[in-house]
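First comes the structure, then the notes that go with it.
Both counts, for ligands and for their atoms, begin at 1 and track the order of listing. Throughout, numbering of the chain's residues begins at 1 and tracks the sequence.
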Amino acid sequence: MTKITQYLKESEGKTLFSIEIIPPMKGQHLGELMSHIEPLMEFNPPFIEVTYHREEYIEKSVDGLIKRIPIRKRPGTLGICAAIMQKFQVEAVPHVICGGFTTEETEDFLIDLHYLGIENALILRGDQEKGEDRFVPKPGGHAYANELVQQVANMNKGILLHEETESFPTNFCIGVAAYPEKHFEAVSMEEDLRYLKQKVDAGADYIVTQMFFDNKKYFDFVKACREIGINVPIIPGIKPLATAKQLEILPSIFHLEIPEDLSNAVRACDNNAAIKQVGIEWAVEQGKELIKAGVPALHFYTMSKSDSVRAIASQLF
Ligand SMILES: Cc1cc2nc3c(=O)[nH]c(=O)nc-3n(C[C@H](O)[C@H](O)[C@H](O)COP(=O)(O)OP(=O)(O)OC[C@H]3O[C@@H](n4cnc5c(N)ncnc54)[C@H](O)[C@@H]3O)c2cc1C
């Protein structure tokens with residue numbers, strides 16, 4: 001198995017292509033997801049990231065009593081990673097989240113990854129539970145991603161949570177998330193960057209950014225990171241816009257800005273095909289500038305759909 005950082009090192013300055021996919025809704029067939037990944041394989045992604053989705057609670061009447069029942073709408077991250085590695089012979093990078101897990105449950109999950117030969121993981125806190133206004137860790141779970149990074153780094157040294165003697169060390173390459181437009185909970189960019197540095201100091205090997213639509217935000221962010229001593233690779237995240245609704249949804253969910261030129265171009269379209277084309281052209285221009293600047297990889301948020309990303313990648317790679 002190859003570490004993401006090794007791929008980045010061996011690329012000798014050439015920008016790599018990578019994608020993030022999301023597991024299908026529970027009850028759906030994996031075949032459709034695979035058929036969206038397949039057309040992107042010609043661009044040689046060395047790794048594919050697979051998101052992790054925490055449980056949601058629904059209320060259901062059981063024997064006359066209202067019960068809160070946990071439902072995971074998109075399970076299967078681990079299985080999908082194994083299937084991707086087997087089918088496409090590329091690294092699958094599972095996202096590992098703090099939310100909804102005790103540290104012991106997380107340790108067991110990481111051991112499963114290790115047994116499957118999965119040596120790359122993107123370590124995240126996760127968002128708050130649906131309906132909650134702030135993130136609350138499960139009792140006995142991690143409150144912030146840096147704590148989970150530390151747990152993985154300890155396992156890489158053979159240190160488990162409760163075992164008295166040192167165990168067989170894992171060999172995880174650790175990725176973490178970052179936000180060129182600041183994480184919405186942080187009071188300032190400076191504070192957010194301090195916490196990002198904490199994750200890197202705890203053992204993170206590389207960073208993947210939240211999507212952004214204005215490259216200047218990424219360039220300023222990378223400069224600010226370097227100034228405070230964050231020296232690991234910072235992979236930019238790109239999402240092609242595909243619908244007019246996303247002009248409202250993306251800023252409200254991901255706390256980012258959409259440049260006026262882009263929103264005006266989308267609003268001038270009179271059908272979805274035209275909007276998709278605007279999204280593709282914008283992402284191609286972003287990609288060209290980022291590649292020219294020598295970014296380590298372009299990481300595409302595909303939402304498990306391949307058509308726009310394929311059109312973009314065929315112009316860039
Ligand atoms: C590339 C990428 C992939 C993602 N994939 C998923 C996914 O698969 N599943 C999912 O549920 N979510 C995913 N998310 C969303 C992510 O989980 C949320 O944005 C979450 O709110 C923050 O996660 P984090 O790991 O950045 O948290 P953290 O690094 O823990 O930061 C969270 C907030 O707390 C602050 N903070 C950090 N450390 C401390 C500390 N020690 N003390 C006090 N404050 C602190 C930070 O400044 C920030 O405001 C992804 C995000 C990105 C960018």
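When all heavy atoms are compared, the tightest approach of Arg72 to His53 is NH1-O, 2.8 Å. In terms of heavy-atom proximity, Thr2 sits nearest to Glu91 at N-OE2, 2.8 Å.
Nearest protein heavy-atom neighbour of atom 32 (C) of ligand 1: Arg125 NH1, 3.6 Å. In terms of protein heavy-atom proximity, atom 30 (O) of ligand 1 is closest to Ala145 N, 2.9 Å. The protein heavy atom nearest to atom 52 (C) of ligand 1 is Ala177 CB, 3.6 Å. Distance from atom 41 (N) of ligand 1 to its nearest protein heavy atom, with residue and atom name: Asn146 OD1, 3.2 Å. Scanning all protein heavy atoms for the shortest distance to atom 12 (N) of ligand 1 gives Gly126 CA, 4.1 Å.
Side-chain atoms of His299 and Glu20 include no donor-acceptor pair closer than 3.5 Å. Neither side chain, His114 nor Glu119, offers a donor N or O lying under 3.5 Å from an acceptor on the other. At a cut-off of 3.5 Å, with distance as the only test, a side-chain donor of Thr170 or Asn156 sits close to an acceptor on the other residue. Gln28 and Glu32 are not linked by any side-chain donor-acceptor pair at a separation below 3.5 angstrom, with hydrogens and angles left out of the test. Using modelled atom types, one finds no donor on one side chain facing an acceptor on the other under 3.5 Å when comparing His255 with Glu181.
A distance below 6.0 Å separates the ring centres of Tyr52 and Phe109. Residues Phe212 and Tyr218 place their aromatic rings such that the two centres sit under 6.0 Å apart. If you look at Tyr7 and Tyr206, their ring centroids are not closer than 6.0 Å.
Of the candidates Tyr179, Tyr144, Phe184, the one placing a heavy atom closest to atom 34 (O) of ligand 1 is Tyr144. Distances from atom 38 (N) of ligand 1 to the heavy atoms of Tyr195, Phe135, Tyr52, Tyr301 show the closest one on Tyr195. With atom 21 (O) of ligand 1 as the reference point, the heavy atom nearest to it among Leu193, Asp127, Asp192 is part of Asp127.
Using a 4.0 Å cut-off to heavy atoms of Thr51, the atoms of ligand 1 that qualify are 8 (O). Close contacts of ligand 1 with Ala186, meaning ligand atoms under 4.0 Å from a residue heavy atom, involve 47 (O), 49 (O). Interface of Glu185 with ligand 1, defined as ligand atoms under 4.0 Å from a residue heavy atom, comprises 33 (C), 49 (O).
At under 3.5 Å, not a single nitrogen or oxygen of His53, backbone or side chain, sits near a nitrogen or oxygen of ligand 1. For the pair His183 and ligand 1, the shortest N or O to N or O distance falls below 3.5 Å. Distances between N or O atoms of His95 and those of ligand 1 include at least one value under 3.5 Å. For Gln210, no nitrogen or oxygen atom sits less than 3.5 Å from a nitrogen or oxygen atom of ligand 1, counting backbone and side chain alike. In terms of N/O distances under 3.5 Å, ligand 1 is approached by Lys199.
For Gln198, every heavy-atom contact with ligand 1 shorter than 4.0 Å involves the side chain, none the backbone. Under 4.0 angstrom from ligand 1, the non-hydrogen atoms of Leu122 all belong to its side chain. When heavy-atom distances to ligand 1 are checked against a 4.0 Å cut-off, Leu124 comes that close through both its backbone and its side chain. No part of Leu196 comes within 4.0 Å of ligand 1, judged by heavy-atom distances.
Here the side chains of Pro236 and Leu298 are in contact, with some heavy-atom distance below 4.5 Å. Between Arg125 and His183 the shortest side-chain heavy-atom distance falls below 4.5 Å.
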